Amino acid sequence: MDELVRGLISNNYLITPPAYFLLSEHYTRDFTLPELIKFAKAKGTFIIDEIVAEEFLESKGIITKLKHLEKFMTGKKTEEKSIEEPAEGQTLEISEAKEVVESPTSVSEAIEELEEPQKSSETQKVVMAEISGEPSVEEIEESEEEAEEEGEGLEESFEVNGEENGEVKRKVIFEEYGVPIVGEEELPEEKKKTYSVYADFKVSPKEGFEFIAKKIEPDFKVKFDVRNVKLKPPKAKNGTTKEGEIVVKVYENYFKSRLKKMRRILRENPEVSGVIDIGKLSYVNPEGDVTIIGLVNSKRETRNGYMFEVEDLTGIIKVFIGRNKEDYKKAFEIMPDSVVAFKGRYSKRGIFFAENIYLPDVPLYKREKPPLEEKVYAVLISDIHVGSNKFCEKAFMKFLEWLNGNVNTKAEEEIVSRIKYLIIAGDVVDGIGIYPGQYNELSIPDIFDQYEALANLLSNVPEHITMFIGPGNHDAARTALPQPEFYREYAKPLYELKNAVIISNPAVIDLHGREFLIVHGRGIEDVVSYVPNMSHHQPVKPMVQLLKLRHLAPTFGGKVPIAPDPEDLLVIESVPDLVQMGHVHVLDYQIYRGVFLINSATWQAQTEFQKMVNIVPTPARVPIIDVETARLRMIVDFSKWCDV
Ligand code: D5M
Ligand code: FE
Ligand code: ZN
């Protein structure tokens, strides 16, 4: 691979093909790698595209924009640069790299920052070097020192790094979106993995420990799994139907489905009466109160209140609620695209003046469930993030030992002996390419190995405990919600676990007659963005909000991508006994109208990215749920072993 591309990749920067064509002919002769990185860093980007490249060359006085554009428009490619550069150029680069190291405001800062995680972990460093096969600027400096000592030239020092000049056929391959990847020809020979996939970690049930759960009959059913829903995609009626029409049709069906389901929920509320279609409003007696149910297309604060645009299958109308109304505050809770009911009067001016707002919500009281003969417990976890160098592996191993009977107190003994279920609500591995700079924070830089590592760990969960495992946004699965399953090709080792049931996100599990709604929880992000007084630090509040709206991610076009399936599978159709979410990495719980809501936190310590956005996780706390009451029985804290 080209030296420039390789150098950038090893420092965690990417270059697009047009930018490469622009820069390659000038590289080493007119500018150095640290200079380019410094420039990109100042621009706040990890991707060097054509614009960045152009601005960089301009800043160096190498080109005028016009000149370059002309050349680029004619499509003339510059010759790919071979590794056999004049030694002079190399020397220049080294000396400049060294120079910037000494300057406190230089690019070395950027590079050091990026390389910090490698420094903190020797393994990581080895992995990085092995994968990229390219010396980072830091390593170049080291090489230089070696070279100086030995009185050798730079080429030799590259050989130390396994890069023999000219012998390997260099080739840059550009993946989709112009991301350069390593060419086939130069993939290094398969080497032994320098990271552990926990194959040698084995725990067995503690001898003499009585696992009462072994004798308790399992009683579980996956009540709702996205994969069991037969979606009927609309078909083109004839040969002339265009693709675009099908897309429109899918969205139409999606919203129809949402409206229909939410209408049913809202009408269970006895206060929501006298419902009429929006299209029929102009026929009603202007004196009487009526109720409309519709999807809120938009919401706008005015001087005196809130103005909404509300739509049902028969029409669209503007709905106004004044500040003086009792239900005015409920307007804050309405998220875009959620479905709510308004009671009020239709004015012939075409505006509906609302007195009351009804969120779909859940009934005030819950039906009692018959008691269970035996106490059984379920353990809720999420966001394990195996493969991240912030994964609290020691704490997770302690947890596995605990499940196997290595307990500290009598109370723990009683609980462990009766644990029958372990639910894992997504982000089970850290994945790859999930956020910029993630590569530097991976201890297992391969998605297959991450799932293998996770499965090796989970193979230590005692066999009498049934695991339910669903995907999250870091997993190898569809990004848009709902997420049907882990892609089998990647997560094969999970599917092969004997006592695991793979579930979708979301899913509903019935445990001994209690309904557990299991969701990864990206919808929380949208609530935090759209509803006042919500924060990541207390995730259960946004979870309650979603329950009140009876939808796991109501807003289209927000932070969370939603697949326009022909049916809306994110509606919370039946009221569960318990809702578990993860994603925000903070343990938090609350009872709302008889429903127990809990966020099961994480096994990942704070990442660099989370530091930047002020997310403070509470890793390695394990909530244990009493299945009978669907309430919290105990939190076991393993965080003292989370010293990553
Ligand atoms: O999410 C871990 C936490 O990080 C969670 O609170 C959401 C937050 N997060 C994740 N991605 C972003 C972006 N792009 N901006 C802001 N906050 C984010 P996890 O899914 O484990 O990465
Ligand atoms: Fe996560
Ligand atoms: Zn997540």
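Numbers here simply count residues along the sequence, with the first being 1. Everything numeric in this text was worked out from a predicted model, so none of it was measured. Because only heavy atoms are used, hydrogens play no part in the values below, and waters and symmetry mates are left out as well, while side chains stay in. Start at 1 and go down the list; that is how both ligands and their atoms are numbered.
Annotation for Q590 and V540: closest pair OE1-CG1, 3.6 Å, computed over non-hydrogen atoms.
Note: Y439 and F46 fail the aromatic proximity criterion, with ring centroids not under 6.0 Å apart. Checked against the 6.0 Å centroid threshold, Y254 and F556 count as a close aromatic pair.
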**Prompt:** Step by step, would you call I509 with Y421 a side chain to side chain contact (heavy atoms under 4.5 Å, CB included)?
**Reply:** CA-CA 11 Å; I509 309 167; Y421 308 101; over 6 Å; no
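With 3.5 Å as the limit, one finds no donor-acceptor pair spanning the side chains of N406 and E401. Side-chain contact annotation: H551 with D568, donor-acceptor N/O pair under 3.5 Å present. For the residue pair Y435 and E441, a side-chain donor N or O sits within less than 3.5 Å of a side-chain acceptor on the partner. For D430 and Q438, the side-chain atoms include at least one donor-acceptor pair closer than 3.5 Å.
Looking only at heavy atoms of the protein, atom 8 (C) of ligand 1 is closest to I615 CD1, 3.3 Å. With hydrogens left out, the protein atom closest to atom 13 (C) of ligand 1 is F609 CZ, 3.5 Å, a heavy atom.
Taking a cut-off of 2.8 Å, the protein N, O or S atoms nearer than that to the Fe ion (ligand 2) are D383 OD2, H385 NE2, D427 OD2, H585 NE2.
Geometrically, ligand 1 and H474 share a nitrogen or oxygen pair separated by less than 3.5 Å. An N or O contact shorter than 3.5 Å links H583 to ligand 1 by distance. Note: no N/O pair closer than 3.5 Å links E525 and ligand 1 by distance alone. Inclusion of N473 in the set of residues having an N or O under 3.5 Å from an N or O of ligand 1 is warranted. For the pair D427 and ligand 1, the shortest N or O to N or O distance falls below 3.5 Å.
Contact analysis leaves Y435 out of contact with ligand 1, as no non-hydrogen atom separation drops below 4.0 angstrom. Taking a 4.0 Å cut-off on heavy atoms, H385 registers as neighbouring ligand 1.
The aromatic rings of Y589 and F596 sit tilted, their planes meeting at an angle between 30° and 60°.
Electrostatic pairing of D361 and R593 counts as a salt bridge here, judged by a charged N lying under 4.0 Å from a carboxylate O. Using a cut-off of 4.0 Å between Lys/Arg side-chain N and Asp/Glu carboxylate O, K611 and E608 are scored as salt-bridged.
Ligand-side atoms of ligand 1 in range of H536: 6 (O), range being under 4.0 angstrom from any heavy atom.
A 6.0 Å sphere centred on CD of E463 holds no more than 12 heavy atoms belonging to other residues, nucleotides or ligands.
When atom types are taken as modelled, the side chain of D475 and the backbone of V428 share a donor-acceptor pair closer than 3.5 angstrom.
With contacts defined as side-chain heavy-atom distances shorter than 4.5 Å, the pair L517/L552 qualifies.
With waters left out, the protein N, O or S atoms under 2.8 Å from the Zn ion (ligand 3) add up to 4.
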